[in-house]
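The residues of the chain are indexed from 1 along the displayed sequence. Everything numeric in this text was worked out from a predicted model, so none of it was measured.
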Amino acid sequence: MSDTLFEIPEQLSPRLAWMREHKIDTMDKAYDPFTGDHRWMAFKVSNIRTKDFGDTENEALSALAVKMNLKLWNKS
């Protein structure tokens with residue numbers, strides 16, 4: 001028996017679906033060696049060397065998408 005009252009299929013936001021599709025994750029308070037600050041980091045799960053930083057999670061994701069030549073989740 002399930003712990004849920006109703007079976008509801010998972011529905012991800014466009015951004016989360018994009019992150020899952022491209023195997024990208026984010027981390028808050030990551031150390032940015034270029035600025036010496038702790039900022040948001042977006043990284044490729046299979047290769048953490050593929051990463052970029054931003055003041056916000058969206059900025060980090062956008063910077064990584066540009067670096068990887070990926071179309072953003074909110075662009076058609």
Walk me through whether Trp40 and Asp55 qualify under side chain to side chain contact (heavy atoms under 4.5 Å, CB included).
CA-CA 6 Å; Trp40 279 95; Asp55 291 330; over 6 Å; no
Closest approach of Phe53 to Ala63 (non-hydrogen atoms, all atoms of both residues)
O-CB, 4.2 Å
Applying side chain to side chain contact (heavy atoms under 4.5 Å, CB included) to Lys44 and Lys51, what does each step give before you reach the verdict?
CA-CA 6 Å; Lys44 182 82 172 162; Lys51 63 183 176 229; over 6 Å; no
Exercise: identify the closest heavy-atom pair between Leu12 and Glu10:
CD2-OE2, 3.8 Å
In the structure I gave you, are the side-chain heavy atoms of Ser62 and Leu72 within less than 4.5 Å of one another anywhere?
yes
For Lys23, is the NZ atom crowded, meaning more than 12 foreign heavy atoms sit under 6.0 Å from it?
no
Would you please name every residue forming a side-chain hydrogen bond (donor to acceptor under 3.5 Å, both in side chains) with Asn58, sequence neighbours left out?
Arg15
Judged by atom type as modelled, is there a donor-acceptor pair below 3.5 Å linking the side chain of Asp37 to the main-chain atoms of Arg39?
no
List in chain and number order the residues that pass ring-ring contact (aromatic ring centres under 6.0 Å, His included) with Trp18, two or more places apart in sequence or in another chain; answer none if no residue qualifies.
His22, Trp73
Given the rule that I, L, V, M, F, W and Y join up when any side-chain heavy atoms are under 4.5 Å apart, are Leu70 and Met19 in one cluster?
yes
List in chain and number order the residues that pass side-chain hydrogen bond (donor to acceptor under 3.5 Å, both in side chains) with Asp28, two or more places apart in sequence or in another chain; answer none if no residue qualifies.
none
Looking at Val45, Leu61, Thr50, which one forms a side-chain contact (heavy atoms from CB on, under 4.5 Å) with Ile24?
Leu61
Looking only at heavy atoms, what is the nearest atom pair of Ala30 and Met41, with distance?
CB-CB, 3.5 Å
